[in-house]
Amino acid sequence: MIQSIVHIALVVKDYDEAIEFYTQKLHFKLIEDTYQAEQNKRWVVVAPPGSNGTTILLAKASKPIQDPFVGNQAGGRVFLFLGTDNFDRDYLEMIESGIEFVRPPKEQDYGKVAVFKDLYGNLWDLIQFVPNHPMFGRIK
């Protein structure tokens, strides 16, 4: 059996501002932006540069019950993990582009990591795994 997680839905307030953040500040690639007339919504998919794995579906909050989850999808915990092949390069570039880090870089047994906020406040790890870590080979 072969299975994989294809998309992770990230609830956003506005499609265009989310696209701008992910493509301009994090340099993600816009994979798809298709209007779905029957549901009056867009199917917006982004992915990190060089990635060929799981993508993020930017899903606009369309009902009042969804609004509180914008920026709080994991209840204040780190929600997503952005792996990199060069932590220092990406960390400095993100700082220069105005991304807020809430935990500074730290060396751990598994690699170098820092926590940042996306445009709505969701927490992310920026992480570079050490060469002997099982996830190391997934990021090239």
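These values consider heavy atoms only, across backbone and side chains, with no hydrogens, waters or symmetry-generated copies.
- Comment: Arg42 engages Asp16 in a salt bridge, judged by a side-chain N to carboxylate O separation of less than 4.0 angstrom.
- Between the Gln128 side chain and the Gly111 main chain, no donor and acceptor come within less than 3.5 Å of each other.
- At most 12 non-hydrogen atoms from other residues, nucleotides or ligands lie less than 6.0 angstrom from CZ of Arg103.
- Looking only at side-chain heavy atoms (C-beta outward), Phe116 and Leu26 come within less than 4.5 Å of each other.
- Tyr120 and Asp14 make their closest contact through OH-N, 3.2 Å (heavy atoms, listed as atom of the first residue, atom of the second, distance).
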Inset, instruction - Start with the C-alpha distance between Thr84 and Tyr91, add both sets of side-chain angles, then the distance that settles side chain to side chain contact (heavy atoms under 4.5 Å, CB included), and finish with yes or no. - result: CA-CA 10 Å; Thr84 178; Tyr91 176 77; over 6 Å; no
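- In the displayed structure, Glu20 atom CD is contacted under 6.0 Å by at most 12 heavy atoms of other residues, nucleotides or ligands.
- No donor-acceptor pair under 3.5 Å is formed between the side chain of Thr23 and the backbone N or O of Leu30.
- In this structure, Tyr35 shares a hydrophobic cluster with no other residue, the cluster being traced through Ile, Leu, Val, Met, Phe, Trp and Tyr side chains under 4.5 angstrom apart.
- Side chains of Val46 and Lys29 form no contact here, defined as non-hydrogen atoms less than 4.5 Å apart.
- Clustering of Ile, Leu, Val, Met, Phe, Trp and Tyr by side-chain heavy atoms under 4.5 Å joins Leu57 with Ile31, Trp43, Val45.
- Between atom CG of residue Asp125 and atom CD of residue Gln108 there is a gap of 9.5 Å, rounded to the nearest 0.5 Å.
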Inset, instruction - Check the pair Lys117 / Leu123 against side chain to side chain contact (heavy atoms under 4.5 Å, CB included), numbers first and verdict last. - result: CA-CA 5 Å; Lys117 290 182 180 181; Leu123 298 178; 3.7 Å; yes
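- We find the CZ-CG distance between Arg77 and Asn72 to be 12.5 Å, quoted to the nearest 0.5 Å.
- Put simply, the side chain of Thr55 gets close to the backbone of Val6: a donor and an acceptor are under 3.5 Å apart.
- Transitive grouping of hydrophobic side chains (ILVMFWY, heavy atoms separated by less than 4.5 Å) brings Leu80 and Val12 into a common cluster.
- Both Phe21 and Phe79 are part of a single hydrophobic cluster, where members link through side-chain heavy atoms under 4.5 Å apart.
- Closest approach of Asn86 to Arg89, counting heavy atoms only: OD1-N, 2.9 Å.
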Legend entry - Audit row: Asp33, Tyr15, side-chain hydrogen bond (donor to acceptor under 3.5 Å, both in side chains) steps and yes/no: CA-CA 9 Å; Asp33 184 356; Tyr15 291 119; over 6 Å; no
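- For the pair Gln66 (side chain) and Lys63 (backbone), a donor-acceptor distance under 3.5 Å is present.
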Run the side-chain donor-acceptor check on residues 94-102: report pairs under 3.5 Å with partners two or more places apart or on a different chain.
unit_1: Ser97; atom_1: OG; unit_2: Glu93; atom_2: O; d: 3.4
unit_1: Ser97; atom_1: OG; unit_2: Met94; atom_2: O; d: 3.0

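- Under a 3.5 Å cut-off, the side chain of Asp88 and the backbone N or O of Leu92 do not form any donor-acceptor pair.
- In this model, a donor atom of one side chain and an acceptor atom of the other lie less than 3.5 Å apart for Tyr22 and Asp118.
- To the nearest 0.5 Å, atoms CG (Leu82) and CD1 (Ile127) are separated by 10.0 Å.
- Side-chain atoms of Asn122 come within 3.5 Å of backbone atoms of Gln73 as a donor-acceptor pair (strictly under, hydrogens ignored).
- Residues Ile8 and Thr54 meet the side-chain proximity criterion, which asks for heavy atoms closer than 4.5 Å.
- Rounding to the nearest 0.5 angstrom, the gap separating the NZ atom in Lys41 from the NZ atom in Lys60 is 12.0 Å.
- How far CZ of Phe28 is from CD1 of Ile19: 13.5 Å, rounded to the nearest 0.5 Å.
- For the pair Ser51 (side chain) and Ala47 (backbone), a donor-acceptor distance under 3.5 Å is absent.
- Minimum heavy-atom separation, Ala114 to Pro104: CB-C, 3.9 Å.
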Inset, instruction - With side chain to side chain contact (heavy atoms under 4.5 Å, CB included) as the test, would you mind laying out the steps for Leu126 and Phe87 before giving the verdict? - result: CA-CA 7 Å; Leu126 174 65; Phe87 181 92; 3.9 Å; yes
